[in-house]
Amino acid sequence: MSRISIAERFPRPSVMGIVNVTPDSFSDGGVNFRADDASASARRMVEEGAAIVDIGGESTRPGAAGVRLDEELRRVVPVLEALAAKLPVSIDTAKAEVARRALELGAEMVNDVTALRGDPELAGVVADSDAYLCLMHMQGEPRTMQASPSYDDVVAEVTAFLEERLRSAVDAGVDEERICLDPGIGFGKTVENNFELVARLDEIAALGRPVVVGFSRKSSLGKILGDPDAKTGSLSASIAAAVAAYERGATVLRVHDVREHVEALATARAVAG
Ligand code: HH2
């Protein structure tokens, strides 16, 4: 239990680089599906200034079906073997067994888009390690979550959910100082919901835990530019969303294009003083 607190480990702003070892992720599907390509991308992202790289073997894009445990392990283990002892690595998984293997190989964070609701054993795996933990909000599940997202007050409901999941993780034995929270941009949310969450991010930051925001390339960024069928958003739109989130309290920005975000966020930080 020797790890420093997550707030010390990730100064504001920090960049988390995305490496999807998948054939079907919404914006980089296939690019890093080969282990060698994924490892090379991760190394480049760290050179470009990423504080950590998030390795995932299961797409959670709208409509995605889950992948089986053996397939998820087959995708991510070779990449983790190549990297996790040498680079700062997060494992993007909801499966306890994938997290266990990743932590054994040296990963320092578990990023669970189900916020410990997907696998009853995951909380224990994290509690028994000294890993950091990211708890993300999602309404519904990936296969159906964009069918009809519905909230009375999206920010109040996401904040209450994250507060409850934080308590639950702490009750399961995870040190609160190792936990960060994420509103889950695009996970059971309308375009308006996503932008309101960034606009009122200070309400989530008021929970007192570092906030992660992943708006990179998400379809809402294309939709506000006039394409109702957009599946992705542009780099420039992604950077604007990341800077807006940082200015409203985000600590970690989860992005595909590391160098450009590092430069933009360094500028925003210089302005903030
Ligand atoms: N978004 C995605 C996946 N994991 N984790 C956190 N904490 N926050 C996010 O916003 C988040 C996440 C979806 O994006 P991506 O990994 O690019 O795509 P896919 O799920 O299709 O692999």
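Note: hydrogens, waters and symmetry copies are ignored here, and every other heavy atom, side chains too, is used. Counting convention: from 1, in listed order, for ligands and their atoms alike. Owing to the predicted nature of the structure, the values given are computational and were not obtained by experimental measurement. All residue numbers refer to positions in the sequence shown, counting from 1.
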So, [X] and [Y], do they make that salt bridge, N to O below 4.0 Å?
X    : Y    : result
E164 : R167 : no
E47  : R43  : no
E58  : K95  : yes
E81  : R101 : no
E71  : R68  : no
R165 : D171 : no

Measure the acute angle between the ring planes of Y151 and H137, then classify it against the limits of 30° and 60° as parallel, tilted or perpendicular.
-> tilted

Describe, in one word, how the ring planes of F10 and Y132 are oriented to each other, choosing from parallel (under 30°), tilted (30 to 60°) and perpendicular (over 60°).
-> perpendicular

Would you say ligand 1 has an N or O under 3.5 Å from any N or O of [X]?
X    : answer
T22  : no
E58  : no
I18  : no
K218 : yes
D54  : no

Which atoms from ligand 1 have a heavy atom of [X] less than 4.0 Å away?
X    : value
C134 : 7 (N)
V113 : 4 (N), 5 (N), 12 (C)
M136 : 5 (N), 6 (C), 8 (N), 9 (C)
S25  : 19 (P), 21 (O), 22 (O)
N20  : 15 (P), 16 (O), 17 (O), 18 (O), 22 (O)

Looking only at protein heavy atoms, which one is nearest to [atom], and what is the separation?
atom                    : result
atom 3 (C) of ligand 1  : R254 NH2, 3.4 Å
atom 17 (O) of ligand 1 : H256 NE2, 2.8 Å
atom 8 (N) of ligand 1  : D182 OD2, 2.7 Å
atom 21 (O) of ligand 1 : S59 OG, 2.7 Å
atom 5 (N) of ligand 1  : N111 ND2, 3.1 Å
atom 18 (O) of ligand 1 : F26 CD2, 3.2 Å
atom 4 (N) of ligand 1  : D92 OD2, 3.1 Å

Please state which part of R61 comes within less than 4.0 Å of ligand 1, counting heavy atoms only: side chain, backbone, both or neither.
-> both

In terms of heavy-atom contacts, does CZ of R269 have more than 12 from other residues, nucleotides or ligands at under 6.0 Å?
-> no

Answer yes or no for [X]: is there a heavy-atom contact with ligand 1 below 4.0 Å?
X    : result
S27  : no
F187 : yes
R217 : no

Just by distance, with hydrogens left out, do N32 and N20 show a side-chain donor and acceptor under 3.5 Å apart?
-> no

Go through the side-chain N and O atoms of T190 and N193 and say whether any donor and acceptor fall under 3.5 Å apart.
-> yes

N194 vs S220, side chain to side chain donor-acceptor pair (under 3.5 Å): CA-CA, chis, key distance, verdict = CA-CA 8 Å; N194 289 324; S220 292; 2.8 Å; yes

Do you know which two heavy atoms are closest between G17 and V258, and how far apart they sit?
-> CA-CG2, 3.8 Å

